[in-house]
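Counting starts at 1 for both ligands and their atoms, in listed order.
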Amino acid sequence: MRKKILAANWKMNLSLQEAKELFMKYNSLLPQADNIDYYIFSPSIFLHELRVVKGKLILGAQNFYPEKSGAFTGEISISQLIDAHVNAVLIGHSERRMLFNESDELIKQKVDFSLQNGFNVIFCCGESIEIRDKKEHINFVRNQLEVVFSHIKATDFSKCVIAYEPIWAIGSGRTANEKEIEEMHSAIRNWILKKYDVSTSQNISILYGGSCNGKNAKSIFSCPNVDGGLIGGASLTFESFNEIANKLQV
Ligand code: PGA
């Protein structure tokens, strides 16, 4: 059975004190079950402090640079993340693609590099509203997967989680409806089936992200091909994240 996953993307938010308090509450108070994993993507500067209280949570980085070391001012390497006991990375988020001009080529290098180093990857994909209006969203997302994973073998792909995040739903308060979400998630699972095999397609967790909150989480998680969520704004307080976690568990 594939895992249910709830991932918090704190983005560039919180003070160190707030992050530690929130992390400790997540660690001790979120509902626990064998088939649920919680990933916390914290600002990198807090990772060393959080590893001390890590507990059951999977600590993740929002970014890194896919080179061993060297003259890359401002960047963080995978071995520096390993030092901080991090073993998951978020790759392909639309904010990194759009605000920091991350290309498919760089994203592909990041996926390769993290898999070579044994990291779990949460790979984000999703279309803009213009692409959806032209009804090209399915092909667009399939292509985002194809360019990055074309050469990746099933054993490596099985260490990845896919997060579908329509750009128009991120931080906008407007979430995709169940029909739109299930259409895309089943298209992604089908793409995995065609490229790999039945067991890979059945075992990969596919998350939804984009204005997910305690009110809409239940209907989002009721979609058969949704295995959890990638949560931005609503991961910044324990109450709202916990509310979503409770919807995932039922
Ligand atoms: P949001 O962000 O939940 O605030 O829409 C989701 C994300 O960007 O991962």
Side-chain angles (χ1 to χ4, degrees), residues 4-14 18-19 22-23 26 30 36-44 46-47 57-64 86 88-102 107 110-111 114 119-129 131-132 137 140-141 144-145 148 160-178 180-181 184-185 188 205-221 223 226-248:
K4 290 184 181 184
I5 293 173
L6 199 59
N9 178 8
W10 286 349
K11 308 192 181 185
M12 199 178 73
N13 292 299
L14 305 172
E18 288 165 341
L22 193 53
F23 200 82
Y26 278 4
L30 285 174
I36 298 186
D37 281 343
Y38 295 106
Y39 285 69
I40 314 300
F41 293 97
S42 159
S44 292
F46 301 155
L47 291 169
L57 307 173
I58 298 170
L59 193 52
Q62 298 171 18
N63 191 29
F64 71 98
V86 168
V89 281
L90 199 57
I91 301 180
H93 193 283
S94 59
E95 285 154 17
R96 296 232 44 101
R97 292 179 193 257
M98 292 188 317
L99 301 174
F100 303 100
N101 298 319
E102 287 201 5
I107 290 169
K110 286 174 132 186
V111 168
S114 31
F119 271 58
N120 296 313
V121 170
I122 295 196
F123 174 81
C124 305
C125 53
E127 81 288 354
S128 64
I129 195 67
I131 291 171
R132 176 162 284 268
H137 48 290
F140 180 84
V141 168
Q144 282 184 318
L145 293 163
V148 169
C160 300
V161 170
I162 307 297
Y164 168 57
E165 298 204 303
I167 297 169
W168 44 274
I170 295 177
S172 65
R174 174 185 167 191
T175 139
N177 65 40
E178 281 163 62
E180 291 165 331
I181 296 173
M184 183 61 82
H185 280 233
I188 293 172
S205 302
I206 306 177
L207 317 183
Y208 170 78
S211 296
C212 184
N213 58 40
K215 306 266 169 305
N216 57 31
K218 190 164 183 234
S219 62
I220 293 172
F221 297 155
C223 298
V226 173
D227 307 303
L230 176 55
I231 318 297
S235 71
L236 294 173
T237 67
F238 173 72
E239 291 68 26
S240 49
F241 196 63
N242 186 45
E243 211 183 331
I244 299 173
N246 278 298
K247 301 290 170 9
L248 185 60

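Taking every heavy atom of Asn9 and a limit of under 4.0 angstrom, the matching atoms of ligand 1 come to 9 (O). The distance from ligand 1 to the heavy atoms of Leu230 drops below 4.0 Å at these ligand atoms: 6 (C), 9 (O). In the vicinity of Ser211, heavy-atom distances shorter than 4.0 Å reach the ligand 1 atoms 1 (P), 3 (O), 5 (O). Every atom of ligand 1 is numbered from 1 in the order shown, and the set under 4.0 Å from a heavy atom of His93 is 7 (C), 8 (O), 9 (O). Distances below 4.0 Å separate heavy atoms of Gly210 from the following atoms of ligand 1: 5 (O).
Considering Leu230, Asn120, Leu57 in turn, Asn120 is the only one that fulfils the side-chain contact (heavy atoms from CB on, under 4.5 Å) rule with Tyr39.
Taking the six-membered ring for Trp and the full ring otherwise, the centers of Tyr38 and Tyr26 sit at least 6.0 Å from each other.
Between Ile129 and Trp168, the closest heavy-atom pair is N-CD1, 3.6 Å. The minimum heavy-atom distance between His93 and Glu95, with the atom names listed, is ND1-N, 2.9 Å.
Here's the thing with Gly171: one of its N/O atoms is less than 3.5 angstrom from an N/O atom of ligand 1. Backbone and side-chain nitrogen or oxygen atoms of Gly209 are examined, and none is located within less than 3.5 angstrom of a nitrogen or oxygen of ligand 1. Ligand 1 has no nitrogen or oxygen under 3.5 angstrom from a nitrogen or oxygen of Ser172.
Side-chain atoms of Lys247 never come within 3.5 Å of backbone atoms of Phe221 as a donor-acceptor pair (strictly under, hydrogens ignored). Not a single donor-acceptor pair under 3.5 Å links the side chain of Asn216 to the backbone N or O of Cys212. At distances below 3.5 Å, not a single donor-acceptor pair connects side-chain atoms of Ser235 with backbone N or O atoms of Ala8.
Note on ligand 1: Ala234 sits outside its first shell, no heavy atom being nearer than 4.0 Å.
For atom 7 (C) of ligand 1, the closest non-hydrogen atom on the protein side is Glu165 OE2, 3.1 Å. Ranking the protein heavy atoms by distance from atom 3 (O) of ligand 1 puts Gly232 N, 2.9 Å first. Among protein heavy atoms, the minimum distance from atom 4 (O) of ligand 1 is reached at Gly233 N, 2.8 Å.
Under the 3.5 Å distance criterion, with hydrogens and angles disregarded, a donor-acceptor pair is assigned to the side chains of Lys110 and Asn63.
By the 30° and 60° cut-offs, the orientation of the rings of His185 relative to Tyr164 is perpendicular.
Contacts between Ile170 and ligand 1, counted as non-hydrogen atom pairs separated by less than 4.0 Å, involve both the backbone and the side chain.
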